[in-house]
Engineer: 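Structure below; questions to follow.
Chain letters run A, B, ... following the sequence lines, proteins first and then strands; every chain starts at 1. Side-chain atoms are counted along with the backbone in the values below, which use heavy atoms only and exclude waters and symmetry mates.
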Amino acid sequence: MENKFLILDGAMGTMLQKNGIKPGQHPDVLSVTDGELITSIHRSYIENGADVIYTNTFGANEYKLEGSGYTPEEVISAAVRAAKKACEGTSTKVALDIGPIGQLLEPSGTLSFEKAYEIFKREVVCGVENGVDLIVFETMTDLYEVKAAVLAAKENSDLPVFVTMTYEKNMRTFAGCDIRSAAITLEGLGVDAVGINCSLGPDDIYPMAEELCKYTSLPIIVKPNAGLPNLDKDGYDISPEQFAAYMEKILDLGVTIVGGCCGTTPEYIKKIKKLTEAKTPVKRSIEPFSAICSGSMSVVIDGVKIIGERINPTGKKLFKQALIENNTDYILSQAVTQTDAGADILDVNVGLPEIDEKEMMVRTVKILQAVVSVPLQIDSSDPEVIEAALRVYNGKAIVNSVNGETAVLDRILPIVKKYGCSVVGLTMDHKGIPLLAEERFGIAKKILDKALAYGIKKEDVYIDCLTLTASAQQKEVCETLKAMKLVKEKLGLKTVLGVSNISFGLPNRELINHSFLTLALAHGLDLPIINPNIESMTDAVAAFNVLYNIDKNSEKYISKYSEVKTVTAPAVEMPIDYAVLKGLKSEARAAAEKLLETEDAMEIVNSRLIPALDETGNLFEKGKLFLPQLLRSAAAAQEAFEVIKARLSKSGGEKLSKGKIILATVKGDVHDIGKNIVKVILENYGFDVIDLGKDVPPEKVVQTAINEKVTLIGLSALMTTTLRSMEETIKQLRQSGHTCKILVGGAVLTEDYAMKIGADYYAKDAKQSADIAKIVLGD
Amino acid sequence: MKIDKSEVLRYLGYRGGFVEEEIYGNIDECTEKILKLSTPRSTYKIFEIDENCRLSSSDYRLDGEDIKIHLRSCRRCVLMAATIGIGVENYIKQLQITDMAKAVIADSCATAAIESYCDEVESKIKEAYPYITERFSPGYGDMPIEMQKTFAVLLDTPRKIGLTVTEAEVLLPRKSVTAVIGISETEIKETKRSCESCNLKNSCSYRREGKNCGK
């Protein structure tokens with residue numbers, strides 16, 4: 001395939017429309033009911049020059065075929081038969097055409113990654129059994145769905161895999177995936193060719209092809225539509241001649257695999273074939289580069305990039321507590337605050353002996369990539385945890401870490417290679433951390449050689465020369481810096497370093513950390529692992545970028561620092577109930593601190609905070625306050641609560657919790673803002689909320705209720721269609737024999753219907769939920 | 001496409017009274033952000049319909065009695081679908097972690113945006129067809145919500161505008177609308193539908209206040 005052109009076919013759908021297929025009819029079914037027609041369409045493409053034909057199976061998955069009366073197996077085998085018949089006597093190959101499933105994957109949708117994999121696997125297995133020559137995934141928009149597809153293909157066949165995605169004019173897919181992230185991820189997953197198809201004509205696709213050519217050395221596929229659909233009549237607006245003219249420019253970019261999508265006919269393929277006969281393929285080469293990505297954002301390591309270190313339980317009591325209690329809100333808030341503070345990448349470590357690390361890591365990766373767009377660094381020493389995380393990760397991650405121990409390298413590098421990610425190598429081994437720079441360099445070289453032997457590119461190997469503490473090993477501080485310089489100059493690898501360790505045991509830790517970071521940057525550090533919330537650390541990076549001529553004309557520096565810092569006025573003293581009513585967070589906090597000087601913590605909660613919340617709730621019910629005001633009050637009350645909780649935990653006093661409540665949006669439903677509002681209000685009143693999220697299976701609600709001994713469960717549904725799930729959940733709770741009260745809410749519910757489906761209470765809004773909780777769990 | 005502040009306030013349940021400066025500030029900020037993150041896309045197709053609301057040259061029809069009444073003076077109709085895209089979703093999700101008050105404001109801004117966009121699409125349709133009915137969506141009156149899948153298939157919305165329908169008939173991205181609009185040759189006399197036939201008649205928040213949704 002290397003230095004030849006490969007001609008694909010043109011549209012099947014367009015040809016079927018010409019042959020009378022009705023709107024809404026499933027085109028793939030025609031392979032079964034009218035195989036001859038399909039074969040004849042294939043034949044006309046082959047006669048006009050196609051080297052590869054795509055089977056008529058774009059929508060032949062179990063989801064799209066539901067209700068058609070046919071199974072994927074029936075449709076795919078008929079389609080492959082029809083295609084092979086057309087190929088008889090020619091050298092044309094048959095590609096199994098697999099399009100998107102048609103359902104949005106988690107986290108925005110309700111289709112799980114694992115289920116998507118199974119759906120694709122079924123199609124792949126059938127295609128392979130019927131003897132296709134290669135597998136093509138086309139018109140994809142979601143990089144996560146593409147991952148499930150490619151894994152399904154690579155784990156269930158040895159055939160070549162092509163992947164083309166479809167982009168809008170803004171160079172992103174509907175799901176927000178950009179061309180560079182697609183290129184990086186797909187090359188890592190080991191596909192044989194990548195490209196672009198559908199949505200637009202070759203004129204609009206040209207800049208996208210140009211972009212793609214910069215980021216991959218794989219063969220590139222371009223399969224455009226015949227322009228855009230005509231507004232005033234059927235058909236598309238680019239003729240075969242114009243199409244070929246535009247395609248010529250695309251071929252000149254070094255693209256070697258070409259065809260046509262919607263609106264094209266055998267005539268278009270004939271013109272492309274003629275074009276390639278008169279040309280020789282342009283050889284492409286790209287500058288190798290280091291990069292990782294999420295499903296929608298890629299980070300190229302072409303300068304200092306900050307890795308946020310805060311998602312790590314080591315030395316963090318609150319974090320450990322959150323992990324043990326399954327409080328994912330804490331992890332999410334750490335993620336958002338770090339990215340807001342300037343982290344380019346987030347390190348994720350959930351290793352605690354008290355919990356199931358693998359389960360926690362998979363869950364954490366999934367919830368993080370649902371909310372933040374930055375790429376992640378998977379931090380674990382357990383290969384099973386690493387593999388499980390990489391499998392569900394959307395994009396190309398960093399694995400932290402391997403070291404110089406041969407056993408470790410042999411265990412983890414194959415996983416890195418399979419999932420196409422980057423890997424951090426620590427310059428230590430079973431003997432510990434060598435003192436001298438040259439020794440650490442030696443280990444770095446060993447790690448690099450091993451990685452190359454496993455087929456991992458050197459651009460994907462990052463070296464961490466390890467930071468010891470200056471107080472215990474002052475001489476070795478320089479060795480770390482020296483080692484980093486050696487690795488950079490002699491091996492040309494990117495460097496990583498966790499900086500905060502350096503100051504352990506010394507006063508004014510921030511000063512030592514900041515200074516060490518600056519020195520490290522000067523010695524070639526690319527990826528500092530720091531707490532980005534500490535300004536002096538991000539300041540060090542900003543200043544470095546100016547002094548090393550990276551931030552040209554100090555533009556970023558000037559815009560960051562020349563803003564006049566608004567002096568936040570000190571919190572005005574005021575009664576706590578007024579602060580809550582007005583939604584003033586700092587004032588509420590200050591009021592709580594002041595009250596704690598003279599009053600008992602629980603007294604403050606019960607006779608001041610709770611009544612203030614009740615008053616706010618009442619005003620809301622009466623329409624005197626509206627939703628944002630209620631929530632601002634809730635946030636202010638929460639500030640006061642934090643102060644009081646901290647005091648209680650310090651004095652070893654009773655915990656504030658008034659009881660546990662489970663909240664869940666039922667299976668099939670994805671609306672959760674209402675439920676989240678209820679959560680905020682309930683937490684205000686001192687209840688511990690176990691938030692199971694959205695699209696929650698009934699079994700999970702039951703399991704959690706039993707395991708956590710929860711006696712009040714709140715269910716939310718917003719659609720008439722998901723009321724069934726609510727009913728089912730209630731039924732299973734009752735059947736389990738677990739004693740509990742069930743509270744339901746949601747725009748589509750009424751008091752009557754709630755009782756009908758077996759609930760104990762109906763709440764029309766958040767305030768009522770709190771009132772009911774007080775009754776059920778109250779003193 | 002624009003975001004009307006009074007619409008945003010309405011979605012947030014505002015009924016008059018004092019509003020803090022900071023909240024107005026948040027509305028402005030979210031308005032700007034939502035407009036920036038939106039990628040409005042729409043698609044539509046014209047079908048001929050008979051008295052049973054069967055859609056020409058396809059095996060599909062529009063279900064329910066109310067739609068027949070709504071389209072009684074029409075021989076043709078437009079099936080439309082519109083979305084402001086998935087870009088706003090992450091923004092709203094992130095806000096729910098750090099600032100719930102701002103999150104509900106952003107969510108309401110996004111709702112105002114999709115409604116405004118639908119009005120724009122409708123105006124474009126009106127340029128070509130001067131006599132059209134109001135929009136009628138799955139879930140209105142007795143049109144089953146299950147009709148969402150019909151729109152997705154007939155308009156090929158996943159491929160054309162990235163709009164999908166879940167098993168539970170939820171449109172994703174969330175801020176999306178599907179609707180049928182009747183085309184008439186002559187001016188249409190509007191009849192208000194009654195609440196009686198609506199699926200949501202017992203739980204409707206307008207009804208609770210003695211009002212109706214105007215449809």
Engineer: Tell me, side chain or backbone of A:Glu168 under 4.5 Å from chain B's heavy atoms, or both, or neither?
Structural biologist: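 Side chain only.
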Engineer: Under the 3.5 angstrom rule, does the side chain of B:Glu167 hit a backbone N or O of A:Thr110 as a donor-acceptor pair?
Structural biologist: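 Checking the backbone N and O of A:Thr110 against the side chain of B:Glu167, no donor-acceptor pair under 3.5 Å is found.
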Engineer: Tell me, side chain or backbone of A:Phe58 under 4.5 Å from chain B's heavy atoms, or both, or neither?
Structural biologist: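 Just its side chain gets close to chain B.
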Engineer: Taking atom NZ of A:Lys756 as the centre, does the number of heavy atoms from other residues, nucleotides or ligands within less than 6.0 Å exceed 12?
Structural biologist: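 Open: at most 12 neighbouring heavy atoms sit under 6.0 Å from NZ of A:Lys756.
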Engineer: Checking B:Tyr14 against chain A: side chain, backbone, both or neither under 4.5 Å from a heavy atom?
Structural biologist: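 Backbone plus side chain of B:Tyr14, per the 4.5 Å heavy-atom cut-off to chain A.
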Engineer: Report which part of B:Arg159 has an atom under 4.5 Å of a heavy atom belonging to chain A: side chain, backbone, both, or neither.
Structural biologist: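 The answer is both parts of B:Arg159.
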Engineer: With a cut-off of 6.0 Å (strictly less than), are more than 12 heavy atoms of other residues, nucleotides or ligands near NZ of B:Lys126?
Structural biologist: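 Atom NZ in B:Lys126 is not crowded, with 12 or fewer foreign heavy atoms closer than 6.0 Å.
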Engineer: Counting only heavy atoms from other residues, nucleotides and ligands, does the tally under 6.0 Å from CD of A:Glu62 exceed 12?
Structural biologist: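 Counting other residues, nucleotides and ligands, CD of A:Glu62 exceeds 12 neighbours.
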Engineer: Surrounding CD of B:Glu146 (heavy atoms of other residues, nucleotides or ligands, distance under 6.0 Å), is the total greater than 12?
Structural biologist: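 Yes, CD of B:Glu146 has more than 12 neighbouring heavy atoms, counting only those of other groups under 6.0 Å.
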Engineer: Where do B:Val165 and A:Tyr63 come nearest, in terms of heavy atoms and distance?
Structural biologist: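 For B:Val165 versus A:Tyr63, the nearest heavy atoms are O-OH, 3.3 Å.
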Engineer: Counting heavy-atom pairs under 4.5 Å with chain B, which one of A:Leu627, A:Ile673, A:Val336 comes out on top?
Structural biologist: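 Among the listed options, the one with the most contacts to chain B is A:Ile673.
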Engineer: Around atom CG of B:Asp50, are there more than 12 heavy atoms from other residues, nucleotides or ligands closer than 6.0 Å?
Structural biologist: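 Enclosed: over 12 neighbouring heavy atoms sit under 6.0 Å from CG of B:Asp50.
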Engineer: What is the distance from atom CZ of B:Phe18 to atom NZ of A:Lys624, rounded to the nearest 0.5 Å?
Structural biologist: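 Atom-to-atom, B:Phe18:CZ and A:Lys624:NZ are 16.0 Å apart.
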Engineer: Non-hydrogen atoms of chain B under 4.5 Å away: do they reach the side chain of A:Ala335, the backbone, both or neither?
Structural biologist: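 Contact with chain B: none, neither part.
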Engineer: Could you look at B:Tyr91 and say if it's the side chain, the backbone, both or neither that has a heavy atom under 4.5 Å from chain A?
Structural biologist: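 Neither part.
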Engineer: Check whether any side-chain heavy atom of B:Leu172 lies under 4.5 Å from a side-chain heavy atom of A:Gln103, and answer yes or no.
Structural biologist: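 Counting from C-beta outward, B:Leu172 and A:Gln103 never come under 4.5 Å.
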Engineer: Assess whether side-chain contact (heavy atoms from CB on, under 4.5 Å) is satisfied between A:Phe174 and B:Thr83, documenting all intermediate values.
Structural biologist: CA-CA 11 Å; A:Phe174 287 132; B:Thr83 179; over 6 Å; no
Engineer: For chain A, which of B:Gly87, B:Pro173, B:Ala168 has the most heavy-atom pairs under 4.5 Å?
Structural biologist: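 If we count pairs closer than 4.5 Å to chain A, B:Ala168 comes out on top.
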Engineer: At a 4.5 Å cut-off on heavy atoms, which part of A:Asp142 comes close to chain B: side chain, backbone, both, or neither?
Structural biologist: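 Neither the backbone nor the side chain of A:Asp142 comes within 4.5 Å of chain B.
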Engineer: With distance as the sole test, does A:Lys22 use its side chain to make a donor-acceptor pair with the main-chain N or O of B:Asp59 at under 3.5 Å?
Structural biologist: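 No; zero donor-acceptor contacts below 3.5 Å.
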Engineer: Please flag which part of A:Ile677 lies under 4.5 Å from any non-hydrogen atom of chain B: side chain, backbone, both or neither.
Structural biologist: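 Looking at A:Ile677, backbone and side chain both touch chain B.
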Engineer: For B:Lys102, is it the side chain, the backbone, both, or neither that has a heavy atom closer than 4.5 Å to a heavy atom of chain A?
Structural biologist: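 For B:Lys102, neither part sits under 4.5 Å from chain A.
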Engineer: Let me know if A:His26 has heavy atoms under 4.5 Å from chain B in its side chain, its backbone, both or neither.
Structural biologist: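 Neither part.
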Engineer: Kindly give the heavy-atom pair with the smallest separation between B:Gln94 and A:Val372, and that separation in Å.
Structural biologist: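 Closest heavy-atom pair between B:Gln94 and A:Val372: NE2-CA, 3.8 Å.
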Engineer: Are there over 12 heavy-atom neighbours, none belonging to B:Arg54, within less than 6.0 Å of that residue's CZ?
Structural biologist: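 It does not: B:Arg54 CZ has 12 such atoms or fewer within range.
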Engineer: A:Lys582 versus chain B, heavy atoms under 4.5 Å apart: side chain, backbone, both or neither?
Structural biologist: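 Contact with chain B: backbone and side chain both.
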Engineer: Name the option with the most non-hydrogen atom pairs under 4.5 Å to chain A; the candidates are B:Leu155, B:Leu163, B:Thr157, B:Val104.
Structural biologist: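 Option with the greatest count: B:Val104.
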Engineer: Would you give the length of the straight line joining atom CG of A:Asn676 to atom CG of B:Leu95, rounded to the nearest 0.5 angstrom?
Structural biologist: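 So the CG of A:Asn676 and the CG of B:Leu95 are separated by 12.0 Å.
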Engineer: By a 4.5 Å heavy-atom criterion (distance strictly below it), what part of B:Thr39 contacts chain A: side chain, backbone, both, or neither?
Structural biologist: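 Contact with chain A is through the side chain of B:Thr39 alone.
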Engineer: Once you round to the nearest 0.5 Å, how far does CD of B:Glu169 lie from OG1 of A:Thr722?
Structural biologist: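 Here the interatomic distance stands at 11.0 Å.
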Engineer: Out of curiosity, A:Leu104 CG to B:Leu171 CG, how far, rounded to the nearest 0.5 Å?
Structural biologist: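 So the gap between those two atoms works out to 11.5 Å.
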Engineer: If you count every heavy atom of other residues, nucleotides or ligands that lies below 6.0 Å from B:Glu48 atom CD, does the total exceed 12?
Structural biologist: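 It does not: B:Glu48 CD has 12 such atoms or fewer within range.
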Engineer: Chain A heavy atoms under 4.5 Å from B:Leu55: which part of the residue, side chain, backbone, both or neither?
Structural biologist: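 Looking at B:Leu55, nothing touches chain A.
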Engineer: I need the minimum non-hydrogen distance between A:Ser108 and B:Ile86, along with the two atoms involved.
Structural biologist: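 Scanning both residues completely, I find the closest heavy atoms to be OG-CD1, 4.0 Å.
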Engineer: Where do B:Leu12 and A:Pro628 come nearest, in terms of heavy atoms and distance?
Structural biologist: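 Closest pair (atom of B:Leu12, atom of A:Pro628, distance): CD1-CG, 3.8 Å.
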Engineer: Please look at A:Val371 and chain B and tell me whether the side chain, the backbone, both or neither of the residue comes under 4.5 angstrom of a heavy atom of that chain.
Structural biologist: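 Looking at A:Val371, backbone and side chain both touch chain B.
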Engineer: If you count every heavy atom of other residues, nucleotides or ligands that lies below 6.0 Å from B:Lys45 atom NZ, does the total exceed 12?
Structural biologist: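 Yes - once you tally the heavy atoms of other residues, nucleotides and ligands closer than 6.0 Å, there are more than 12.
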Engineer: Relative to chain B, which segment of A:Arg724 carries a heavy atom at a distance below 4.5 Å: side chain, backbone, both, or neither?
Structural biologist: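 Contact with chain B involves the side chain of A:Arg724 alone.
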Engineer: Sort A:Phe620 into side chain, backbone, both or neither according to what part of it lies under 4.5 angstrom from a heavy atom of chain B.
Structural biologist: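 For A:Phe620, there is no contact with chain B at all, as no heavy atom is under 4.5 Å.
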Engineer: Hey, which of B:Ser57, B:Ser58, B:Pro158 has the most heavy atom pairs under 4.5 Å with chain A?
Structural biologist: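 Among the listed options, the one with the most contacts to chain A is B:Ser57.
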Engineer: Heavy atoms only: give me the nearest B:Phe47-A:Pro23 pair and the separation to one decimal.
Structural biologist: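 That would be CE2-CG, 4.5 Å.
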Engineer: Go through the steps for A:His671 and B:Val170 under the test side-chain contact (heavy atoms from CB on, under 4.5 Å), then give the verdict.
Structural biologist: CA-CA 9 Å; A:His671 301 95; B:Val170 177; 4.0 Å; yes
Engineer: Look up atom CG in A:Leu584 and atom CD in B:Glu22, then write down how far apart they are to the nearest 0.5 Å.
Structural biologist: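 Going from the CG atom of A:Leu584 to the CD atom of B:Glu22 covers 8.0 Å.
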Engineer: With rounding to the nearest 0.5 Å, note down the distance linking OG1 in A:Thr721 to CD1 in B:Ile145.
Structural biologist: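 If we round to the nearest 0.5 Å, A:Thr721:OG1 and B:Ile145:CD1 are 6.5 Å apart.
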Engineer: Looking at every heavy atom in both B:Ala101 and A:Arg632, which two are closest together, and how far apart are they?
Structural biologist: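 That closest heavy-atom pairing would be CB-CG, 3.8 Å.
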